[in-house]
Amino acid sequence: MSGTALLRGVKQHQGPLTAELVREPGAFGLGQVPMRLKPDAVTTSVCGFCSTGCSLKIHLRNGEAVNLSANSDYSVNQGMACPKGWEALTPLAAPDRGTVPMLDGKPTDWNTAANTFARRMKRIIDQHGPESVAVLSTGQIVTEEMAFLGAFAKFGMDVRHIDSNTRQCMATAATAYKQSFGFDAPPYTYADFEESDVLIFFGSNPCIAHPIMWQRVLMNRRNPKIVVVDPRRTETAMAATHHYAIQPKSDLMLLYGLAHLLVKRGAVDRAFIEASTTGYEAFARFVEAFDPLRVSRRTGLSVEQLHEFADLICGDQRVSFWWTMGVNQGHESTRTAQGLINLALMTGNIGKPGTGANSITGQCNAMGSRLFGNATSLLGGHDANNNEHRAKVAGVLGIDEARISRQPSLAYDQIIEGVAEGRIKGLWVLATNTSHSWIDSDACNRALEKLDFLVVQDMYPTTDTARRAHLYLPAAGWGEKDGTFVNSERRIGLVRKVRRAPGQALSDFNILRLLASAWGVGDMFKAWTSPAAVFQMLKQLSKDQPFDISGIEGYEDLHRCGGIQWPLRSGEEPQEKSECRLFADGKFFHANGRAKFLFDEPRPMPEPPDKAFPFILLTGRGTSAQWHTNTRTGKSEVLRKLYPQQCYVELNPEDAKVMGIGNQDRVSVSSRRARVEATVVINACVQRGQLFMPMHYEEVNRLTFAAFDPHSRQPSYKACAVRIAR
Ligand code: SF4
């Protein structure tokens, strides 16, 4: 049967779907993307690693990708790509790709796998209730798949708890924006990197974490001041005009200290504050207590440095505030992110070129997950307890409104806690590597061992998490399926199928179709025939929301325009290479149209150093060639040459001398939770009393301390107490 006939079969088929009916076609075979391509052609696709959202030109032979290059005709990356992007096709051909479903470690067929999934999950729910099964998803799959997963899990399976690995990177930014602006809305466009006079990077190392964004900074012709706030002298700090090496987790104190100085100097934008914000007077009173002496003691910066920093923010210049994981992954991260938002608001640095309180996202589609994951908010940023929203979502999806639970989902940490306590007995993990990436990973893995049924859906059966699975479902990766990603600047970009997935691996989209059918709810999702069809539903869900994209006709518009930033409302014409910045009119998304000043007293670090564990361990990204738990970047010989293969720890030269430790010595690093081995790299970029280890090595999260921000429930990966010994 030809591929076209197979798809026709799916559309016409009335009974349960079987694996035969969703078999994957070759690249471009079934026209899921309505733009037909010649077999030997060049097409484009947005990169599937980080949130920058670079466009890659994909070179095809006989309809399959054989090579790629950076797209020079795309506003985001303008002909540039980082090592991960250049090597994006390599992980698809890795020898350990999953090619068949595996049940209890043995190969099986898709129909058995789908039926086993349904039978065992249903048995758990029948015996222990809908709260006994949970889902952990990802910011790595396309938006259409995220929406399908969230809808199937919550409305089809009646599972109550679904969260994703965006909890580990972006929950703080999402929470901070929602509370401050009334909606999760990063306000900027990448042109702001080039239009700013002062760029302040807080806990952010774009040189290696977002290298193409850093290239955009280097294209700034305004001779900008570049300020880095980071305990380490990172690659970005070395390139900056100003580096403030604060003590770990003293960032909130510093932000309040800066606000104190700005208030004292009267260096605030009164007109903007009065027209567009609430809570300023209370905030100004609150920061009175954060005088330079107090702030200097906690941050380790001198009083002179604090005044110098305040000087940089004052005046008429355009100031932009950028943050990443150094802020998001902290025990008081939401208030810290809002400390930056407060500075932007009080100085009127928002809604204008070169300004903004700008969170830089992590994963390629974390932004899509924030809007359409159906996890913390009802699909499309809606509220499950708002009757109008419930009716709208039910209407667009064509489901019974009673299927929408009003109960909020547990957050990731609460799901793991539920697993550890035996309340959650069935867990379905998609495209994330919980065993490696979750904080205090030994405790997490002890919990996973208790599960009655662990299902892992991933490109590889070899990830730390997939190895533990009772049922493994082989998934297609980036490049093997169609859909859209949303990047850090809210640009929706097109992702295209340019390779056939190996063996029997299926796109997550088609796996979901199979599972829905096996669950007995195939009819509920009969309109979910392709990512392009789902995109039309997402448009309807977005209508009248702050991220309204009802003005985008379909994938052709995204392709033609070089991605489109939200919002683009019905009646607005999509423009090629357009840039869109939020809040130019000074109107925010709270009912009164104003942004809020939000603040709290800083709290001490959850696990400070002491006699037994005298060092503070900092964690972060190692190189631009590594991505998260290295499941994909580890497959590339080229990338492997660009980073050390063994886990390493950076140690200050003075500390090394005192302890008699030499460069490249093997040492043990211990916390209260584990002891791991690492190779020493003596490096003056870390301060005395501090160590740095990159998160890409499995060992590192065995050491980290499980503390969470109370608002976002994002884990505080960045600082815990350890000791080091030869
Ligand atoms: Fe891909 Fe990010 Fe590298 Fe761009 S910067 S090529 S999006 S990994």
Side-chain angles (χ1 to χ4, degrees), residues 43-59 65 67-92 138-143 165-166 169-170 186 189-190 193 201 204-219 235-236 322 324-325 358-369 431 477-479 483-496 498 558 562-563 565 620-636 638-640 642-643 694-696:
T43 187
T44 59
S45 186
V46 170
C47 175
F49 284 105
C50 91
S51 68
T52 306
C54 298
S55 174
L56 303 171
K57 275 188 178 176
I58 314 285
H59 306 263
N67 210 339
L68 61 77
S69 54
N71 187 357
S72 54
D73 194 30
Y74 200 74
S75 67
V76 168
N77 52 314
Q78 305 178 18
M80 300 176 281
C82 84
K84 296 186 292 296
W86 284 105
E87 275 297 286
L89 291 171
T90 306
L92 302 178
T138 179
Q140 296 285 332
I141 57 178
V142 294
T143 314
N165 60 12
T166 45
C169 65
M170 295 318 298
T189 183
Y190 291 161
F193 285 122
F201 290 97
S204 177
N205 187 9
C207 267
I208 62 159
H210 295 89
I212 303 307
M213 293 194 201
W214 178 248
Q215 293 302 314
R216 297 292 298 267
V217 174
L218 297 182
M219 289 160 76
E235 293 81 352
T236 313
W322 307 87
T324 325
M325 298 313 147
N358 305 330
S359 84
I360 301 176
T361 311
Q363 302 181 78
C364 53
N365 202 22
M367 289 288 291
S369 158
W478 170 90
T484 56
F485 288 157
V486 188
N487 78 354
S488 277
E489 55 163 1
R490 311 179 320 283
R491 186 178 300 273
I492 303 160
L494 193 56
V495 179
R496 306 193 67 172
V498 290
L558 298 177
Q565 286 173 284
R621 206 174 286 277
T623 66
S624 61
Q626 288 163 293
W627 181 250
H628 291 182
T629 68
N630 244 356
T631 50
R632 282 183 291 162
T633 42
K635 304 293 192 287
S636 158
V638 173
L639 296 180
R640 280 200 306 272
L642 299 176
Y643 59 84
M695 62 177 180
H696 315 290

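For ligands, and for the atoms within them, numbers begin at 1 and follow the listed sequence. Because the structure is a prediction, the values reported are computed rather than measured.
- Between the side chain of Lys635 and the backbone N or O of Leu92, no donor-acceptor pair lies under 3.5 Å.
- Side chain of Asn67 to backbone of His59: no donor-acceptor contact under 3.5 angstrom is found.
- In this structure, the ring of Trp322 has its center less than 6.0 angstrom from the ring center of Phe193.
- Put simply, the side chain of Cys169 does not reach to within 4.5 Å of the side chain of Thr361, judged on heavy atoms.
- Inspection of the environment of atom 2 (Fe) of ligand 1 yields the following protein N, O or S atoms under 2.8 Å: Cys50 SG.
- Taking OG of Ser636 as the start and CH2 of Trp627 as the end, the distance is 15.5 Å to the nearest 0.5 Å.
- Looking at Cys364 and Ser51, their side chains never come closer than 4.5 Å, going by heavy atoms from C-beta outward.
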